[in-house]
Amino acid sequence: MTLSNSVFALALGLLGTAAAQARTISADFDNLAGPHTGVPLMCVGAGRANEGLRADWQEQLSVVQTEIGFRYLRMHGLLHDDMGVYTESRDGKPVYNFQYVDILYDALLAHHIRPFVELGFMPGALASGPETIFWWRGHVTPPKDEKKWTDLIHALVAHWKDRYGPAEIEQWYYEVWNEPDLHGFYTGTLDQYLQFYRDTAEAIKAEDPRLRVGGPASASPYAYEQAFEAYCGKNHVPVDFVSSHCYGVEQGFLDAHGDTGTRLSANPHAVSDRMRHSRELLSQSAIAGVELHFTEWSSAYTATDPVHDQYIQAPFILEQVRSASSAVNSMSYWTFTDIFEENGPPKTPFHGGFGLINLQGIRKPAFFAYRDLAQLRGRDLKTADEHSWITRADDGSLAVLFWNYTPLVPPGRLNDQTFFQEVHRPADLPAVTLALHHLPPGPCRLEVDRIGYGFHDPFDHYLAMGAPRELSRAQVQELQPAESLKPTETSSATIGSNGDFTRTFAMRTNDVYLVVLKRQ
């Protein structure tokens, strides 16, 4: 199926006058804007802690760290019963067991990624009620005994300090709970959460005052986020960062059963606008100087939205990251892998999962967007083009990343779950001219990589296969052969005595290009 007339018209309307004009991205080798930001690769998410004990999960993490390289990893369920952390003896005395946590965190550190610790959910023996969430039944009630909870936090942090040393765990972040503003994740009231946060934060700081603690990991910027900032400021509660979440759909926050219909927002900056707004709220609060972390973000908040698999996800990511990086300290993409079981084990190879990589290890367009971001290092070059990033590394090599992001909004009453299960061919745009000036003369190696329809686009190939419910080994190789992981073009170039490099690139809606010039 080709792009429908209504969606095509919307695409051109969103592009506005820019679609009718030639686009030139110009930069000067010596006109530097400052150090390149580390925000895009600061943190990434994963489903639940117990999944991190699986061999395939750790293999995919190794791929992500080798080809991209994030600094922190955040996940749910560290204190869930399947991690065996907390039980009680027959006479009600706490029994701690941190062996599974040790195996998981040892593996993270071995892959050169640190924990962004999310403290939750409630161990069953400590839960004050029967309410749970997800297929794996995470307990979401406040503790029935606040002292037993804080004693657990004391013991856990003391264990980490003994196992890894203060110098290591002082580099971690400690986030108290997940989305307490949604009843599905926390059955207590706002006042209960604020007291719960205070008790937990004070327990952490009692073990080491240099540990970084924060919250509320809220789903929206209102109510909890602002109340949290006011409460901590007024009551001198320990807080080192504020955390929140954001997704780029029109409405809703939670899909506990995987059956909620979602619609991609027509606002191309739906996520970055929200992040900048949170920075404004924080800057006006009594704790304005603390860090701001978005510990979850993506296009949709459900693991059954096929927009996550589509090529459009790549420029969506780049557009949000480019626009929001100056406003936040991290933006943790949710998630690095489709090994993710909130709604139970995935039923098909491409099911709209959050991951950068699908269950069979196939890298999605979103993965390549982050792999491109990892090529940006050193210092930024100034450019007037807001949909590009240009960096100069210490060895003089240049990386130029540019894209078009045109939201494809389901027409009429269709939702993402129907609309993005079909092929959507891009519309042609005017070519993009890259003009770089004052480069050092001499031979260079030129690498060009492309993401878009037909480029690093296994999902559309999967649809052409007939969307099989299972993949053979041969089909996995067909969907992503080894040569597809290499740049789409590699050649030699020579920079003349005038120091100019000019090249024109064909452009379509939602195309992404990475151009790398390496001195030889």
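Counting heavy-atom neighbours within 6.0 Å of Asp394 CG, excluding the residue itself, gives a total of 12 or less. The environment of CD in Gln520 is crowded: more than 12 heavy-atom neighbours from other residues, nucleotides or ligands sit within 6.0 Å.
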Original post:
Going through the checks in order, is the side chain to side chain contact (heavy atoms under 4.5 Å, CB included) test met by Asp449 and Arg371?
Top reply: CA-CA 11 Å; Asp449 204 20; Arg371 194 177 76 166; 3.3 Å; yes

Subject >> Derivation and outcome, side-chain hydrogen bond (donor to acceptor under 3.5 Å, both in side chains), residues Arg279 and Asn329 >> reply: CA-CA 10 Å; Arg279 172 58 71 184; Asn329 294 92; 3.3 Å; yes

**OP:** Please report the C-alpha distance between Asp395 and Ser397 in whole Å, then the side-chain angles of each, then the deciding distance to 0.1 Å, and finally whether the side-chain hydrogen bond (donor to acceptor under 3.5 Å, both in side chains) criterion is met.
**Re:** CA-CA 6 Å; Asp395 63 2; Ser397 62; 2.8 Å; yes

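Between Tyr513 and Phe505, the ring-plane angle classifies as tilted under the 30° and 60° cut-offs. Using cut-offs of 30° and 60° on the angle between ring planes, the pair Trp57 and Phe336 is perpendicular.
Evaluation of the side chain to side chain donor-acceptor pair (under 3.5 Å) test over residues 29-42, restricted to residues two or more places apart or in two chains, returns His36-Asp380.
With 3.5 Å as the limit, one finds a donor-acceptor pair spanning the side chains of Glu175 and Thr295. Between the side chains of Glu225 and Ser278, a donor-acceptor pair is found at a separation under 3.5 Å. When only modelled atom types and interatomic distance are considered, Asn404 and Thr406 share a side-chain donor-acceptor pair under 3.5 Å. Residues His461 and Glu478 have side chains that bring a donor and an acceptor to within less than 3.5 angstrom of each other.
Within the 6.0 Å centre-distance limit, the rings of Tyr72 and Tyr173 are counted as a close aromatic pair. In this structure, Phe70 has its ring center under 6.0 Å from that of Tyr370. Proximity of the aromatic rings of Phe402 and His387 is defined here by a centroid distance below 6.0 angstrom, and this criterion is not met. Aromatic ring centroids of Phe116 and Phe241 lie under 6.0 Å apart. Ring centroid separation for the pair Phe185 and Phe134 comes in under the 6.0 Å cut-off. Remark: aromatic rings of Phe29 and His438 are distant, center separation not under 6.0 Å.
Considering Asn358, Asp305, Asp338 in turn, Asp338 is the only one that fulfils the side-chain contact (heavy atoms from CB on, under 4.5 Å) rule with His351. Of the residues listed (Arg508, His424, Arg425), the one engaging Tyr453 in a side-chain hydrogen bond (donor to acceptor under 3.5 Å, both in side chains) is Arg425, and it is the only one. Applying the side-chain hydrogen bond (donor to acceptor under 3.5 Å, both in side chains) test between His269 and each of Arg322, Gln320, Glu319 identifies Glu319 as the sole match. Partner of Arg450 under the side-chain contact (heavy atoms from CB on, under 4.5 Å) criterion, out of Asp372, Leu514, Val512, Asp511: Asp511 alone.
Distance alone, capped at 3.5 Å, places no donor-acceptor pair between the Asp240 side chain and the Gly214 backbone. No donor-acceptor pair closer than 3.5 Å links the side chain of Asp181 to the backbone N or O of Tyr224. At distances below 3.5 Å, at least one donor-acceptor pair connects side-chain atoms of Thr488 with backbone N or O atoms of Val448.
Interatomic distance, Tyr462 OH to Thr348 OG1, rounded to the nearest 0.5 Å: 5.0 Å. We find the OH-CH2 distance between Tyr301 and Trp334 to be 16.0 Å, quoted to the nearest 0.5 Å.
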